[in-house]
Every structure is written in C-alpha cells, then in structure tokens.
Amino acid sequence: MRYWLMKSEPDTFGIDDLAAAPKQTTSWEGVRNFQARNMLRDDMQAGDLAFFYHSSCPEPGIAGVVEVVRSGYPDASAWNARSPYHDPKSLENKPLWYTVDVRLKQRARQLLPLAVLREHATQQLDGLLLLRRGNRLSITPVDRAHWKFILSLLR
DNA sequence: GCCAACGTTGGC
DNA sequence: GCCAACGTTGGC
C-alpha cells in the first residue's frame, strides 16, 4: 500500500465538491501530464491513501484524505469534445490518459496550510516532493514517514 | 500581475 | 538529437 498527494484547484474541484459528490467518490479526471499519467495508470492501487491538496488558491494546503477505490483506467474525458480535458490524440482503442476513482476518507476540520508544511521542510518533511523547488506535478508519491508526520499535523 | 521552473513543440 | 520559443503551473 502506498501514499500519495493529489493536487486540485478548489475553484474547479475542491474538497467540498468531493464531500457533496455521490458516495463522496469521484473520478480524478483531467490529468494531462505524462509523469502523473504513469502513476495513475501503473502505480496507484485500490486501498492506497492520498492527501487532497488545494492548489492555485488564496490558501494552498492539505484539505483532507482520500482513498483510491479504483485503480487506473482510461480517462473518458479525453474523448469528450465538449470537455475542457478533451484531447484528440487519445484514441478509443489506444487511450492516452488515465484516471483513478477516489473516495473521501477524512475531511480536515481546518486546512493544513502549505506554509505550515514548509516549517518542517528541513526536518521531518525533508525530501517531500511537494516542497521541492519547482515541483509542479499534480500527483506525487509520499513516503510513509512523511505521511505519518503530516497526519499528526492534520486536524 | 510577476516570475521561476519545467514540459512540450517544432525547426534544423 | 539539439535547443530556442512558447505555454503552463503555482506560489506569492
């Protein structure tokens, strides 16, 4: 079992949207980066846990915990011409993009801000990919030790 | 709005 | 295969 961090812009889809979704479950569609795609397709398994991270917003940070409930499968939004995630390079018989399903597991009572995570960047969270300079990946793996420490900060 | 970092594209 | 130009991400 592995741990992850998944970014989403709350203006587009935040933890409130996930909480309001049927079965509090959603397909994590729209990832259009090859490194992240490979993790969705090859590495993320049902039972894995992930932090739900709010990015590109007034207060970026971790908003909760989700569980992967379905491992990688083709992202149908790439085939939908009306979707903002439409990509004609993805073919029905040769999908280019993948998604997983995640279910809300824990909604933080208060957001754990990026600034707080940074306070531990040279100590307990040394090496956390999210904190690495220039990191832009929307999905990143999280070490077990980092996971446990961040959980201890989450309220 | 600014800017750093990084990915993608396309000419050669 | 190289690399410049361009686009995107995302914090501030």
Side-chain angles (χ1 to χ4, degrees), chain A residues 2-21 26-44 48-66 68 72-102 104-143 145-147 149-155:
Chain A
R2 304 179 67 174
Y3 301 99
W4 308 92
L5 183 141
M6 305 171 80
K7 296 181 186 174
S8 185
E9 300 185 13
D11 283 354
T12 303
F13 191 87
I15 196 132
D16 292 344
D17 298 301
L18 181 56
T26 192
S27 173
W28 202 264
E29 61 181 27
V31 172
R32 296 295 179 265
N33 167 281
F34 288 104
Q35 271 180 271
R37 187 280 309 268
N38 292 347
M39 289 188 265
L40 287 166
R41 187 189 59 188
D42 304 331
D43 300 328
M44 299 180 77
D48 287 0
L49 298 177
F51 291 122
F52 190 119
Y53 180 86
H54 283 176
S55 67
S56 293
C57 56
E59 196 177 22
I62 291 172
V65 175
V66 298
V68 177
Y73 63 100
D75 182 349
S77 69
W79 298 323
N80 178 356
R82 283 184 301 279
S83 167
Y85 306 125
H86 179 233
D87 183 353
K89 291 194 292 297
S90 184
L91 307 177
E92 292 272 354
N93 60 353
K94 199 181 175 197
L96 188 58
W97 303 115
Y98 283 74
T99 184
V100 298
D101 288 353
V102 300
L104 182 62
K105 189 171 170 68
Q106 178 192 346
R107 187 182 189 172
R109 273 174 289 154
Q110 55 187 86
L111 184 109
L112 175 57
L114 175 61
V116 172
L117 297 174
R118 283 203 194 286
E119 290 171 11
H120 305 280
T122 60
Q123 303 288 326
Q124 291 94 334
L125 296 182
D126 184 35
L128 183 69
L129 286 174
L130 175 72
L131 300 179
R132 214 182 55 183
R133 184 176 172 79
N135 166 64
R136 296 185 314 168
L137 267 186
S138 63
I139 296 177
T140 49
V142 175
D143 293 344
H146 291 156
W147 176 271
F149 180 73
I150 294 170
L151 263 195
S152 77
L153 299 177
L154 200 61
R155 296 289 176 264

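Hydrogens, waters and symmetry mates are skipped; everything else that's a heavy atom, side chains included, is used. Predicted model only: the values in this text are computed from it and were never measured.
- Distance A:F34 CZ to C:dG7 C1': 15 Å, rounded to the nearest Å.
- Relative ring orientation between A:W147 and A:F51 is described as parallel, the plane-to-plane angle staying below 30° on a 0-90° scale split at 30° and 60°.
- A donor-acceptor pair shorter than 3.5 Å cannot be found between the side chains of A:R32 and A:S90.
- For the pair A:L130 CG and B:dC6 P, the computed distance is 14 Å after rounding to whole Å.
- C:dT9 atom C1' lies 12 Å from atom OH of A:Y53, rounded to whole Å.
- Counting to the nearest Å, the C1' atom of C:dT9 and the CG atom of A:L5 are 15 Å from each other.
- With rounding to whole Å, A:R136 atom CZ is found 11 Å from C:dT8 atom P.
- Here A:R118 reaches the OP1 or OP2 of C:dC12: one of its side-chain N or O atoms lies under 4.0 Å away.
- Rounded to whole Å, atom P of B:dA4 lies 21 Å from atom CG of A:L137.
- Salt bridge annotation for A:D75-A:R37: absent, with no cationic side-chain nitrogen under 4.0 angstrom from a carboxylate oxygen.
- Here the nucleotide nearest the side chain of A:E9, chosen from C:dC12, B:dG7, C:dG10, is C:dG10.
- Using a 4.0 Å heavy-atom distance criterion, A:R132 is classed as making no nucleic acid contact.
- Residue A:R32 contributes atom CZ, which lies 15 Å from atom P of C:dG10 at whole-angstrom precision.
- Here the P atom of nucleotide B:dA5 and the CG atom of A:L129 are 17 Å apart, to the nearest Å.
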Stepwise, does the side chain to side chain donor-acceptor pair (under 3.5 Å) test hold for A:Y73 with A:D101? CA-CA 9 Å; A:Y73 63 100; A:D101 288 353; 2.5 Å; yes
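- Residue A:K7 places none of its side-chain N or O atoms closer than 4.0 Å to OP1 or OP2 of C:dT9.
- Nearest nucleotide to the A:Q35 side chain, out of B:dA5, C:dG10, B:dG7: B:dG7.
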